[in-house]
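For the single chain, residues carry numbers from 1 onward in sequence order.
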Amino acid sequence: MPPKGKDGGSKGKEKKEDGKGDEKEKGKAVKGGTAVKVRHILCEKHGKITEAMEKLKAGVKFDEVARTYSEDKARSGGDLGWMIRGSMVGPFQEAAFALPISTVNQPVYTDPPIKTNFGYHIILVEGKK
């Protein structure tokens with residue numbers, strides 16, 4: 001009963017958030033991995049992401065290509081940090097959790113790039129937990 005008294009007028013909101021949180025926790029236990037440490041290169045135009053892909057295939061380090069080509073805040077080597085399941089857009093999340101762990105020196109990335117409403121992504125996963 002004490003939580004109801006504390007919530008005041010936001011009882012409905014709190015219940016919904018708690019319900020979603022419980023579902024996420026159950027899903028995490030079943031699915032195994034709950035977060036990935038992600039780097040990406042994001043380009044709005046397909047031509048530019050294709051150029052970035054060519055650089056990667058030529059042996060240029062992932063973080064260097066990200067600094068040059070990525071069009072978002074992750075220009076610092078493309079590092080997005082730890083992202084939890086449910087915080088990424090669908091196609092990006094599916095690709096991120098499907099990739100094996102790799103490094104910028106020996107990258108395993110999405111080829112072909114992943115298309116989302118933000119543009120085209122080349123994704124690399126550095127860790128899972």
Side-chain angles (χ1 to χ4, degrees):
M1 286 300 203
K4 288 182 181 179
K6 290 180 183 177
D7 290 350
S10 63
K11 288 179 188 176
K13 288 181 185 176
E14 288 297 320
K15 286 181 183 177
K16 286 179 186 175
E17 286 176 13
D18 289 343
K20 286 181 184 176
D22 291 343
E23 288 172 19
K24 283 182 185 176
E25 287 174 22
K26 289 176 188 172
K28 287 178 186 177
V30 174
K31 292 177 185 173
T34 59
V36 286
K37 187 166 192 263
V38 185
R39 285 185 185 266
H40 81 148
I41 300 166
L42 170 64
C43 299
E44 190 176 326
K45 303 287 183 192
H46 189 266
K48 189 170 181 182
I49 200 79
T50 302
E51 283 180 42
M53 184 67 77
E54 289 170 7
K55 294 285 187 188
L56 290 171
K57 289 180 178 178
V60 180
K61 288 185 178 179
F62 193 94
D63 56 339
E64 292 174 19
V65 177
R67 276 190 212 96
T68 305
Y69 288 90
S70 196
E71 299 172 352
D72 73 336
K73 67 176 183 170
R75 284 192 180 159
S76 59
D79 191 3
L80 295 175
W82 287 98
M83 307 274 294
I84 60 168
R85 193 180 292 274
S87 69
M88 300 165 269
V89 292
F92 188 101
Q93 178 172 286
E94 289 171 24
F97 279 95
L99 282 169
I101 296 170
S102 63
T103 64
V104 291
N105 296 327
Q106 296 180 325
V108 177
Y109 47 81
T110 52
D111 185 4
I114 303 301
K115 173 82 170 106
T116 70
N117 54 325
F118 297 103
Y120 296 90
H121 306 260
I122 299 172
I123 305 166
L124 173 131
V125 173
E126 292 184 301
K128 293 184 180 185
K129 60 180 179 179

Check: Can you name the nearest heavy-atom pair linking Ala66 to Gly77, along with the distance?
Finding: CB-C, 3.5 Å
Checklist line | side-chain hydrogen bond (donor to acceptor under 3.5 Å, both in side chains) partners of Asn117, counting only residues at least two apart | finding: none
Item checked: Heavy-atom side-chain contact between Leu56 and Ile41 under 4.5 Å -> yes
Notebook entry, point to check: Can you hop from Ile84 to Trp82 via hydrophobic side chains spaced under 4.5 Å?
Noted result: no
Next item on the list: Take Lys55 and Glu64 through the salt bridge (charged side-chain N to carboxylate O under 4.0 Å, His left out) test and state the conclusion after the steps.
Entry: CA-CA 10 Å; Lys55 294 285 187 188; Glu64 292 174 19; over 6 Å; no
Check: What's the shortest heavy-atom distance between Phe97 and Gly33, and which atoms?
Finding: CE2-O, 3.9 Å
Checklist line | For Thr116, side-chain contact (heavy atoms from CB on, under 4.5 Å) partners two or more places apart | finding: Val89, Pro91, Phe92, Ile114, Phe118, His121
Next item on the list: Mind jotting down which residue pairs meet the salt bridge (charged side-chain N to carboxylate O under 4.0 Å, His left out) criterion with at least one end in residues 95-104? Sequence neighbours excluded, please.
Entry: none
Notebook entry, point to check: What pairs meet the side-chain hydrogen bond (donor to acceptor under 3.5 Å, both in side chains) rule with one or both residues in residues 98-109, with sequence neighbours excluded?
Noted result: Lys61-Asn105
Next item on the list: Not counting sequence neighbours, which residues clear side-chain contact (heavy atoms from CB on, under 4.5 Å) with Pro113? List them please.
Entry: Ile49, Met53, Tyr120, Ile122
Check: Glu94: what forms a side-chain contact (heavy atoms from CB on, under 4.5 Å) with it, not counting sequence neighbours?
Finding: none
Note to self: Rounded at 0.5 Å granularity, tell me how far CD1 in Ile123 sits from CE in Met88.
What the structure shows: 9.0 Å
Check: Would a hydrophobic clustering, with Ile, Leu, Val, Met, Phe, Trp and Tyr connected at side-chain separations under 4.5 Å, put Leu80 with Val108?
Finding: yes
Checklist line | Whether Thr50 side chain and His46 backbone form a donor-acceptor pair below 3.5 Å | finding: yes
Next item on the list: Just jot down the salt bridge (Lys or Arg N to Asp or Glu O under 4.0 Å) partners of Lys128, sequence neighbours excluded, or say none.
Entry: none
Check: Applying salt bridge (charged side-chain N to carboxylate O under 4.0 Å, His left out), which residue pairs with at least one partner in residues 109-125 are found, sequence neighbours left out?
Finding: Lys57-Asp111
Item checked: salt bridge (charged side-chain N to carboxylate O under 4.0 Å, His left out) contacts touching residues 37-46 (sequence neighbours left out) -> Lys37-Glu126, Arg39-Glu126
Note to self: Check whether Ser70 reaches the backbone of Arg67 with its side chain - one donor and one acceptor, N or O, closer than 3.5 Å.
What the structure shows: no
Note to self: Between Asp79 and His40, do the side chains contain a donor N or O and an acceptor N or O under 3.5 Å apart?
What the structure shows: no
Check: How about Thr34 and Arg85: do any of their side-chain heavy atoms sit closer than 4.5 Å?
Finding: no
